[in-house]
Amino acid sequence: GTRDLIKEQIKAREAILKPVYLQAATEFADLHDKTGRMKAKNVIRYAVPWERSREYFYYRASRRMLQDDYVKQLKDEGSVSYDAALE
């Protein structure tokens, strides 16, 4: 019926437009997620070399988890607030 015809037309139109939307999405991501752009916007301080990235982020995550545990201990004791514990 008419409903099935409309569904087929929609699917055909989606198939035609999919490459265009994929290209636009890829370009958008490339413009926003490049290290040069992120550095220019002060989102990052520097780029981590690919060869060191696993090691860098492992130690960064480990340090952050230890820091959060320490801050939680200080808060649980009631001695300081979260912001004061970070200082």
Side-chain angles (χ1 to χ4, degrees):
T2 305
R3 182 178 225 160
D4 292 334
L5 179 63
I6 292 171
K7 283 185 179 182
E8 286 178 27
Q9 289 174 341
I10 290 172
K11 281 190 176 190
R13 183 75 174 150
E14 286 174 347
I16 291 169
L17 292 175
K18 187 175 182 178
V20 175
Y21 280 104
L22 180 61
Q23 183 179 5
T26 302
E27 287 292 323
F28 182 82
D30 279 348
L31 290 173
H32 291 82
D33 294 339
K34 297 282 185 169
T35 52
R37 180 73 177 151
M38 293 174 74
K39 193 171 178 183
K41 289 291 185 178
N42 293 321
V43 177
I44 61 172
R45 283 180 258 164
Y46 58 90
V48 177
W50 179 251
E51 301 80 29
R52 289 201 46 237
S53 61
R54 182 182 296 253
E55 174 189 12
Y56 175 85
F57 287 109
Y58 170 80
Y59 285 110
R60 175 133 181 164
S62 297
R63 183 196 58 81
R64 182 60 188 260
M65 288 186 287
L66 289 170
Q67 175 184 312
D68 288 349
D69 287 344
Y70 184 65
V71 169
K72 184 179 181 317
Q73 287 176 2
L74 292 174
K75 281 178 55 182
D76 289 346
E77 293 172 3
S79 56
V80 292
S81 68
Y82 179 83
D83 291 333
L86 287 176
E87 291 179 359

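Lys72 is linked by a side chain to side chain donor-acceptor pair (under 3.5 Å) to Asp76, counting only residues two or more places apart in sequence or in another chain. Partners of Arg54 under the side chain to side chain donor-acceptor pair (under 3.5 Å) rule, at least two apart in sequence or in another chain, do not exist in this structure. With sequence neighbours excluded, the residues that form a side chain to side chain donor-acceptor pair (under 3.5 Å) with Tyr56 are Tyr46, Arg60. Among residues two or more places apart in sequence or in another chain, the side-chain contact (heavy atoms from CB on, under 4.5 Å) test is passed with Leu74 by Tyr70, Glu77, Ser79, Val80, Ala85. Checked against ring-ring contact (aromatic ring centres under 6.0 Å, His included), Tyr59 has no partners two or more places apart in sequence or in another chain. With sequence neighbours left out, Asp30 forms a side-chain contact (heavy atoms from CB on, under 4.5 Å) with Thr26, Lys34. Taking Arg63 as the reference, Gln67 meet the side chain to side chain donor-acceptor pair (under 3.5 Å) condition, with sequence neighbours excluded.
Atom CZ of residue Arg52 and atom CZ of residue Phe57 lie 10.0 Å apart, to the nearest 0.5 angstrom.
Other members of a hydrophobic cluster containing Leu5 are absent, since no ILVMFWY side chain comes under 4.5 Å of it, directly or through relayed contacts. Other residues sharing a hydrophobic cluster with Val20 under the 4.5 Å side-chain heavy-atom criterion for ILVMFWY residues do not exist; the residue is a singleton. Under a 4.5 Å side-chain heavy-atom criterion applied to ILVMFWY residues, the cluster that includes Ile10 comprises Ile6 as well. Hydrophobic cluster membership for Tyr21: Leu17 (Ile, Leu, Val, Met, Phe, Trp, Tyr linked by side-chain heavy atoms under 4.5 Å, directly or transitively).
Applying the salt bridge (charged side-chain N to carboxylate O under 4.0 Å, His left out) test to residues at least two apart or on different chains, none of the pairs has a partner in residues 14-27.
The shortest heavy-atom contact between Thr35 and Ile44 is O-CD1, 3.7 Å. The shortest non-hydrogen separation linking Lys39 to Arg45 is CE-O, 3.4 Å. Looking at every heavy atom in both residues, Val48 comes nearest to Ser53 through CG1-CA, 3.7 Å.
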